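Step one of this worksheet: look at the structure below.
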Amino acid sequence: MMQNFSLRVSTIIDHAARYHPNRPVIGRSVEGPIVESNWQEVQREAKQVAAALQGLGIKKGDVIGVMAWNTVRHLSVWYGIPGAGAVNHTLNPRLFADQLDYIINHAEDRFIMVDLDLLPAFEAIIDRLPKIEKIIVLTDRAHMPETKLDVICYSDLIEGQPDDGAWIDGDEDEACGICYTSGTTGNPKGVVYSHRSNVLHALAAAAPDMLNLSSQDRIMPVVPLFHANGWSIAYCAPMAGASMVMPGRDMTAAGLYEMLEMGVTYTAAVPTIWLGMLQHLKAENLGLSTLKRVLIGGASCPRAVIEAFQNDYGIQVLHAWGMTEMSPLGTICSFKPEVSSLSEEGQLDIQETVGHPPYTVDLKIANDAGEDLPWDGKTPGRLLSKGAAVVQRYLKEDADALDEDGWFDTGDVAVMDANGYVRITDRSKDVIKSGGEWISSIEMENAAVAHPDVAEAAAVAIPHPKWDERPVLVIVPMPEKTPDNAEIMSLLEKRFAKWQLPDDIITVDDLPHTATGKISKLELRQRLKEQGYKLPE
Ligand code: AMP
């Protein structure tokens with residue numbers, strides 16, 4: 001019989017500290033200067049955090065809300081909280097105040113840990129947070145902000161705490177972290193990650209056909225740790241012994257570029273970040289001297305972005321799909337042998353899909369009756385998932401979020417091909433149903449943003465008396481450009497049948513976005529309705 005190795009996340013940081021102690025962990029601090037650390041120091045500070053939290057009365061299972069940018073310090077907090085047996089509830093600073101107080105109260109956070117620049121978010125709502133006992137500001141004494149709140153300084157708190165104490169141990173099924181879904185309709189829902197699900201997920205995600213992460217890499221997560229479990233990168237990197245760069249709060253292309261040039265070989269973010277970065281590189285005539293791979297997910301990655309990275313900069317794009325409820329990895333587009341043999345164009349076609357799942361994730365597409373649909377690359381269906389790190393039940397809900405066969409409905413619509421590659425065509429709520437047929441809004445948007453004058457696009461369904469719904473394309477122009485609708489239409493004609501083409505193309509100044517930066521179609525449809533928008537005759 002084998003030993004019963006505990007799948008707790010503390011074992012990840014212990015492994016990094018023991019076998020990759022000096023691997024650089026570098027970051028831009030919220031206070032400004034660059035911090036140079038390593039896995040051993042991150043682990044030691046995490047131990048101090050764990051000891052300090054216990055000193056303040058934190059017990060196993062207590063929830064601590066953390067609102068912080070991607071910094072080196074945040075990594076110590078990331079491991080210090082579960083190391084104290086507590087639960088790390090990530091808070092997105094872009095949430096509206098009423099969503100923020102809802103999730104803090106719903107998750108029953110006892111403490112808040114917050115970056116100094118984000119403290120005002122709590123000043124505004126503290127009266128509505130009766131259960132918060134302590135607010136810890138993640139900075140040193142010299143940078144403590146003026147505030148009416150009763151706060152504790154992080155550096156003072158951990159000073160003198162032992163950096164070699166034992167982690168609080170326990171069952172691997174205990175809660176480790178909580179992340180709420182964006183909740184475009186109704187209240188956000190809490191997804192609780194266990195120690196075990198996080199460890200299994202990181203093992204699966206780091207594997208060669210997935211992130212393919214190793215100790216040779218230096219990875220920079222632009223995706224914030226508060227977005228969908230930080231895409232698990234803060235677990236995968238120390239597990240693999242990879243070096244890390246934490247970009248801090250400056251999300252401008254120029255700020256991120258500076259951090260990428262600190263020897264980063266691998267980075268990860270949503271497509272909008274990369275659209276901005278590519279524009280910046282072009283405008284400033286810059287190159288990327290060490291970057292080899294970019295993980296792009298969270299929203300569909302336009303072909304033009306994949307082509308630009310690969311053809312102009314020699315950087316490999318890994319298109320990924322996932323969601324908060326899946327910890328978050330669902331699929332990554334790496335090449336199986338069946339794909340490596342395709343032509344360059346054929347490979348690009350495949351890279352527009354989100355790829356295939358790792359071991360521990362199972363997927364299927366089904367019709368509304370729950371029956372399996374064929375993997376023929378053209379039949380769209382509801383994408384269902386099962387797995388070791390897929391949600392079973394949302395926090396405090398009465399029933400499981402699964403169908404009777406144990407499948408979780410992702411809310412996405414997809415086609416799958418014979419090799420198991422998944423192409424996301426829509427959110428099920430955003431599908432455009434015209435005359436009984438489905439039109440993919442994602443495909444239409446990607447075709448539109450291929451036009452150089454189009455910065456962003458959203459295809460939405462508008463009610464129609466005869467066809468039920470008809471597509472309308474809403475576009476945001478690039479700065480100082482006026483896109484030509486006829487040109488856009490002829491781009492669309494290359495990919496869509498005539499009946500699928502939008503009835504109208506409307507230009508707007510901006511599109512509504514959710515807290516995680518996704519286009520809110522719900523709000524967009526409401527806007528159009530309020531403005532009395534009518535389809536052309
Ligand atoms: P979140 O839980 O906020 O990360 O949102 C998850 C949702 O983002 C998924 O259910 C998809 O609708 C969408 N999404 C994530 N990655 C992709 C992708 N590569 N292509 C299309 N949609 C995506």
Side-chain angles (χ1 to χ4, degrees), residues 90-92 94-95 99 103 177-185 188-193 201 205 210 221-233 268-275 294-303 305-306 317-334 350-357 361 363 365 380 382-385 387 389-391 394 401 408-416 421-431 440-447 449 457-459 513-522:
T90 52
L91 302 172
N92 183 342
R94 295 186 196 95
L95 282 177
Q99 281 180 327
I103 69 172
I178 303 178
C179 185
Y180 277 72
T181 59
S182 0
T184 39
T185 49
K189 290 178 179 166
V191 176
V192 184
Y193 309 112
H201 178 276
M210 296 293 127
V222 178
V223 54
L225 291 177
F226 54 75
H227 180 193
N229 210 12
W231 294 8
S232 177
I233 293 170
V270 293
T272 28
I273 292 282
W274 301 124
L275 282 166
V294 201
L295 182 69
I296 307 185
S300 179
C301 181
R303 189 182 182 107
V305 170
I306 304 175
V317 170
L318 289 152
H319 190 188
W321 164 81
M323 61 196 315
T324 306
E325 287 91 333
M326 295 181 72
S327 300
L329 178 64
T331 57
I332 287 188
C333 191
S334 61
I350 293 294
Q351 286 189 288
E352 284 184 316
T353 78
V354 292
H356 51 100
V361 174
L363 299 174
I365 45 172
R382 288 160 43 214
L383 184 58
L384 308 181
S385 74
V390 176
V391 71
Y394 292 104
F408 170 72
D409 190 336
T410 65
D412 286 319
V413 176
V415 298
M416 289 179 75
Y421 281 72
V422 178
R423 183 185 293 271
I424 307 288
T425 58
D426 255 306
R427 288 291 294 164
S428 54
K429 292 191 193 97
D430 300 332
V431 162
S440 164
S441 65
I442 291 184
E443 220 172 307
M444 188 171 290
E445 290 152 10
N446 280 343
V449 295
H513 290 91
T514 67
T516 48
K518 292 175 203 198
I519 297 170
S520 171
K521 299 265 181 89
L522 186 78

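Remember, it's 1-based here, ligands and their atoms both numbered in the order they're listed. The model shown is predicted, which means the values in this text are computed figures rather than measured ones.
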May I ask you to test the Lys429-Leu522 pair for a side-chain heavy-atom distance under 4.5 Å?
no
Would you name the heavy atoms of Val449 and Ala457 that are closest together and state the gap between them?
CG1-N, 3.9 Å
Any side-chain donor paired with an acceptor under 3.5 Å for Ser441 and Asp426?
yes
Take Ser334 and His356, measure what side chain to side chain donor-acceptor pair (under 3.5 Å) needs, and give me the verdict at the end.
CA-CA 8 Å; Ser334 61; His356 51 100; 3.1 Å; yes
With a 4.5 Å cut-off on side-chain heavy atoms, are Pro271 and Pro302 touching?
yes
Scanning both residues in full, the closest heavy-atom pair of Arg423 with Thr353 reads NH2-CG2, 3.8 Å
Could you pull out the N/O contacts under 3.5 angstrom between ligand 1 and the surrounding protein atoms?
| unit_1 | atom_1 | unit_2 | atom_2 | d |
| --- | --- | --- | --- | --- |
| ligand 1 | 2 (O) | Thr324 | N | 2.8 |
| ligand 1 | 2 (O) | Thr324 | OG1 | 2.6 |
| ligand 1 | 3 (O) | Lys518 | NZ | 3.3 |
| ligand 1 | 4 (O) | His227 | NE2 | 3.3 |
| ligand 1 | 4 (O) | Lys518 | NZ | 3.4 |
| ligand 1 | 5 (O) | Lys518 | NZ | 2.6 |
| ligand 1 | 8 (O) | Gly298 | O | 3.4 |
| ligand 1 | 8 (O) | Lys518 | NZ | 2.8 |
| ligand 1 | 10 (O) | Asp412 | OD1 | 3.4 |
| ligand 1 | 10 (O) | Asp412 | OD2 | 2.6 |
| ligand 1 | 10 (O) | Arg427 | NH1 | 2.8 |
| ligand 1 | 12 (O) | Asp412 | OD1 | 2.5 |
| ligand 1 | 12 (O) | Asp412 | OD2 | 3.4 |
| ligand 1 | 12 (O) | Arg427 | NH1 | 3.4 |
| ligand 1 | 14 (N) | Gly298 | O | 3.4 |
| ligand 1 | 16 (N) | Gly298 | N | 3.1 |
| ligand 1 | 19 (N) | Ala299 | O | 3.4 |
| ligand 1 | 19 (N) | His319 | NE2 | 3.1 |
| ligand 1 | 19 (N) | Ala320 | O | 2.7 |
| ligand 1 | 20 (N) | Ser300 | N | 3.2 |

